[in-house]
Each structure stands twice: as C-alpha cells, then as structure tokens.
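See structure below.
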Amino acid sequence: MSLPAPSPVACGPFLPQVVSGALPLGHPLRGAVLLLGNFDGFHLGHQALLRAARRQARGRPVAVMSCEPHPRSFFGSESRPFRLTTAGLKPLLLTPHGIDYIFAPRFDRDFASLSPQDFVDQVLVAGLGIHAVHAGPDFRFGHRRSGDMALLRALGRAHGFAVGSLAQVTLAGARASSTAIRDHIRTGDIQVANRLLGAPWLVETTADGTGLHPDLCRPRPGRYLARQEGTAPVPVLIGAAGEFHLPGRKIPGPAPWHLLAKG
Ligand SMILES: Cc1cc2nc3c(=O)[nH]c(=O)nc-3n(C[C@H](O)[C@H](O)[C@H](O)COP(=O)(O)O)c2cc1C
Ligand SMILES: Nc1ncnc2c1ncn2[C@@H]1O[C@H](COP(=O)(O)OP(=O)(O)O)[C@@H](O)[C@H]1O
C-alpha cells in the first residue's frame, strides 16, 4: 500500500510508521508516549487509554505497541483463528486515531524471556527513548507475565519516565476487551462487537477476495451486511471456514471490508 509518509507528530490522517526495533539516537520518533499492550482491534478501552496518553503527549509522538506474532499465537494458547486485526491492516485501523508509530517487536523466545526490568531498560529506555508509557490497570509484562503496574511505576520513577493508567472501561457493566469482542463475533453479534470496537469491524480478505484472512476470528457462518470504503452496504455470505461471497456479484478484490451487522 503506498500512502503518504507518516508524520512525526499527530497532525492528520497519516498511516502510522511500523518500527520493530530500536530507534537510532536522534530519530524523530524517540521521546514518544507509548501505549503498552497488544491492541488487537482498537476498542473503547484502548481508545480511552489513547485519550489519556494524548493529553500528556503535548505534541510528542504517540505510539502503540503491538507484538508480532500476537503472543497468543506464539504461546499456542488459541486453537482457532482469533485475531481482530491482521498485522497488515493495523496501520489503517489506527490511522483515524492519529497514532504516529506502531512499535511491533518480534515476539519470539528471546523477547518473551525478557525480565520486566530488562524490557524497560533495553527496549523502552535504551531502544525507544520513551517519554512516558500508558497501560490499563491489569497490564502484565515480562517473562511469565511477572511485571505489573506497581513494578512499572517503580521502574518509571527509577528511569525518570511517567506511567499513566486509568480505571477499567466498561460498556453495560462488562469490561471492553478483545476477548469479549471475539466472543461476540463468534456468536454472530456483530453489532455488539462493533459497539465495543467503537466502529464497524475492519476485516481483510485473502488476495482473491473470496475468504477472510486466515488469522482473523471467524464470525458465525451466515449473512452479514458489509461495505467497502466509499461504497454502499451489500449483503455478504460468510462460511464456516471463512469463505466470503457476495451473492449475485463479482468479488471486487482484496480491499478491506467493514462488517456492519448480521443481515
Ligand atoms: C517483554 C515481554 C515478555 C513477555 N513474556 C511473557 C511470557 O513469558 N508469558 C506470557 O504468558 N506472557 C508474556 N508477556 C505478556 C504477553 O505480551 C501478553 O500480554 C500475554 O500473553 C497475555 O495476552 P492476552 O492479554 O491476549 O491474554 C510478555 C510481555 C512482554 C512485553
Ligand atoms: N477496558 C479497558 N479499560 C482500560 N484499559 C484497558 C481495557 N482493555 C484493555 N486495556 C489496556 O489496554 C492495553 C492493551 O490491552 P490488551 O491486553 O492488548 O487488550 P485486551 O485487554 O482487550 O485483550 C493494556 O494496557 C490494557 O491494560
């Protein structure tokens, strides 16, 4: 996809830049306010965290961490396709939110083995030169999830960076979470999933447009209402293995779709 170069500060609808490792000294993206987590989908909880981060950023770059592969894939903790966002669509998903860059480190054995202290020292401080980080109250990090927000705050004080957080964001009494959204999609409750996402679910198809991307969570098979950017909604049929059909129409190609409702 060739789109305008990313801006070092949030000032318009630019695709965020994806970086997977250390930023060289003097790089314009150093000194960012970084949101910590996986951010599969960018749901209401993630959006609230971003608002808090942006208030603090005061013109500094704002970045989102998103490991690849997803840690759940790395640990094999999911037997079914589960992702809400493919790696390829994440920059597009985050564009309306004015994110400057996506920090997408490779989640491999070495990365997963980093202690919380080494993650902070080597990755956040030395590698990215972060100004501040934000994470939800339940955020865990480092080998065997041994680091929590109390440790992150202590490490922030030691290194001189700020650590922001917020109370859990809920909708109708339930915590907004990627897991809850996956569950709604699997039962076909796309509208409920979309309310938690704060926007229609953005899906990528296979290159020939006839199936959902193999990483994506599978909606309950059936008929849905969907649209591509700038076009009117049309009915689509989704099969049990993610087959994607437009009854009576030619598949218009691999451009992403927004799933609007069960239809
Ligand atoms: C540097 C680093 C190392 C991590 N190591 C582990 C680990 O060894 N085991 C683990 O379950 N999660 C680890 N995590 C946490 C995962 O990124 C992820 O949050 C966790 O698997 C839970 O994912 P979930 O929120 O989708 O359930 C690590 C995170 C970071 C940043
Ligand atoms: N409902 C929520 N309210 C507040 N913070 C949240 C919420 N959901 C996620 N977060 C925070 O957003 C960051 C990314 O969350 P992540 O673990 O990737 O998503 P999820 O918890 O939805 O699976 C983490 O710091 C997490 O604590």
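Ligands are counted one by one from 1 in listed order, and the atoms in each one are counted from 1 as well.
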May I ask you to check if ligand 2 and Leu166 share an N or O to N or O distance below 3.5 Å? no

Are the side chain of Ser66 and the backbone of Ala104 linked by a donor-acceptor contact shorter than 3.5 Å? no

With heavy atoms and a 4.0 Å threshold, my read on which part of Phe75 contacts ligand 1 is side chain

Atoms of ligand 2 under 4.0 Å from any heavy atom of Ser178, numbered from 1 in the order shown, are 19 (O), 20 (P), 22 (O), 23 (O)

Could you identify the single nearest non-hydrogen protein atom to atom 3 (N) of ligand 2 and state the distance to 0.1 Å? Val169 N, 2.8 Å

Positive for side-chain contact (heavy atoms from CB on, under 4.5 Å) with Ile181, one of Leu44, Val192, Leu196: Leu196

Is there any N or O on Arg144 that sits under 3.5 Å from an N or O of ligand 1? yes

Should you measure from each heavy atom of Gly37, which atoms of ligand 2 turn up under 4.0 Å away? 14 (C), 18 (O)

Short version for Leu36: what comes under 4.0 Å of ligand 2, heavy atoms counted, is backbone

Ignoring angles and geometry beyond distance, decide whether Ala135 reaches within less than 3.5 Å of ligand 2 through its nitrogen or oxygen atoms. no

Between Arg60 and Ala32, is there a donor-acceptor pair closer than 3.5 Å when you use the side chain of the first and the backbone of the second? no

Just which atoms of ligand 1 are under 4.0 Å from any heavy atom in Pro71? 16 (C), 17 (O), 21 (O)

Taking only heavy atoms of Gln168 into account, list the atoms of ligand 2 that are under 4.0 Å away from them. 1 (N), 2 (C), 3 (N), 4 (C), 7 (C)

Leu23 side, atom CG; Ile130 side, atom CD1 - distance, nearest 0.5 Å: 11.5 Å

Looking at Leu259, is its backbone amide N or carbonyl O close enough to the side chain of Asn194 to form a donor-acceptor pair, meaning the two atoms are under 3.5 Å apart? yes

Numbered in order shown, the ligand 2 atoms found under 4.0 Å of a heavy atom of Gly136 are 5 (N), 11 (C), 24 (C), 25 (O), 26 (C), 27 (O)

Any heavy atom of Gly142 sitting closer than 4.0 Å to ligand 1? yes

Would you check the N or O atoms of Phe39, main chain and side chain alike, for any that come under 3.5 Å of an N or O of ligand 2? yes

In this structure, atom 19 (O) of ligand 2 is nearest to the protein heavy atom His46 NE2, 3.1 Å

Treating Arg145 as the side-chain partner and His143 as the backbone partner, does any N or O pair qualify as donor plus acceptor under 3.5 Å? no

Identify whether Leu155 and Phe103 are in the same connected component of the hydrophobic contact network (ILVMFWY, side-chain heavy atoms under 4.5 Å). yes

My understanding is that we take every heavy atom of each candidate and find the minimum distance to atom 8 (N) of ligand 2. Doing that for Arg72, His43, His70, which one comes out nearest? His43

The atoms of ligand 1 lying under 4.0 Å from a heavy atom of Arg72, numbered in the order shown, are 24 (P), 26 (O), 27 (O)

Show the atoms of ligand 2 that are less than 4.0 angstrom away from any heavy atom in Asp138. 26 (C), 27 (O)

Ligand 2 to Ala176 polar contact by distance, N or O atoms, under 3.5 Å: yes

For ligand 1, which atoms sit closer than 4.0 Å to a heavy atom of His70? 26 (O)

Ligand 2 contact by Ala180, heavy-atom criterion under 4.0 angstrom: no

Can a side-chain donor-acceptor contact be found between His258 and Glu229 if the only test is distance below 3.5 angstrom? yes

Note the single closest protein heavy atom to atom 12 (N) of ligand 1, along with its residue, its atom name and the distance in Å. Arg145 CG, 3.2 Å

Aromatic ring pairing Phe119/Phe111, orientation class (parallel under 30°, perpendicular over 60°, tilted between): perpendicular

Any side-chain donor paired with an acceptor under 3.5 Å for Gln56 and His134? yes

Work out which heavy atom in Gly156 is nearest to a heavy atom in Val163; give both atom names and the distance. CA-CG2, 4.3 Å

Check ligand 1 against Asn38 and write out every atom of the ligand that is under 4.0 Å from a heavy-atom position of the residue. 18 (C), 19 (O), 23 (O)

Using a 4.0 Å heavy-atom threshold (strictly under), name the region of Ala48 that reaches ligand 2: side chain, backbone, both or neither. neither

Salt bridge flag under 4.0 Å for residues Asp40 and Arg182: yes

I'd like to know if Thr179 contacts ligand 2, where contact means a heavy-atom distance under 4.0 Å to any ligand atom. no

Please assess Glu78 against Arg218 for the test salt bridge (charged side-chain N to carboxylate O under 4.0 Å, His left out), listing each intermediate value before the final yes or no. CA-CA 13 Å; Glu78 294 271 352; Arg218 296 279 179 254; over 6 Å; no

Looking at ligand 1, does any of its N/O atoms fall within less than 3.5 Å of an N/O of Ala112? yes

Just say parallel, tilted or perpendicular for the rings of Phe139 and Phe141, cut-offs at 30° and 60°. parallel

Once you restrict to heavy atoms under 4.0 Å, what part of His134 touches ligand 2? Side chain, backbone, both or neither. neither

Would you mind running through ligand 2 and noting each atom that sits below 4.0 Å from a heavy atom of Ser177? 22 (O)

If you scan protein heavy atoms around atom 21 (O) of ligand 2, the nearest is Arg175 NH2, 2.8 Å

Would you say that more than 12 heavy atoms from the other residues, nucleotides or ligands in this model lie under 6.0 Å from the CZ of Arg220, or not? no

Considering non-hydrogen atoms of the protein only, which is the closest contact for atom 17 (O) of ligand 2, and what is the distance? Asn38 N, 4.5 Å

Between His159 and Phe161, what is the ring plane arrangement, given parallel below 30°, perpendicular above 60°, and tilted in between? parallel

Say whether Phe82 and Leu89 are linked into one hydrophobic cluster, either directly or through other cluster members, by side-chain heavy-atom distances under 4.5 angstrom. no

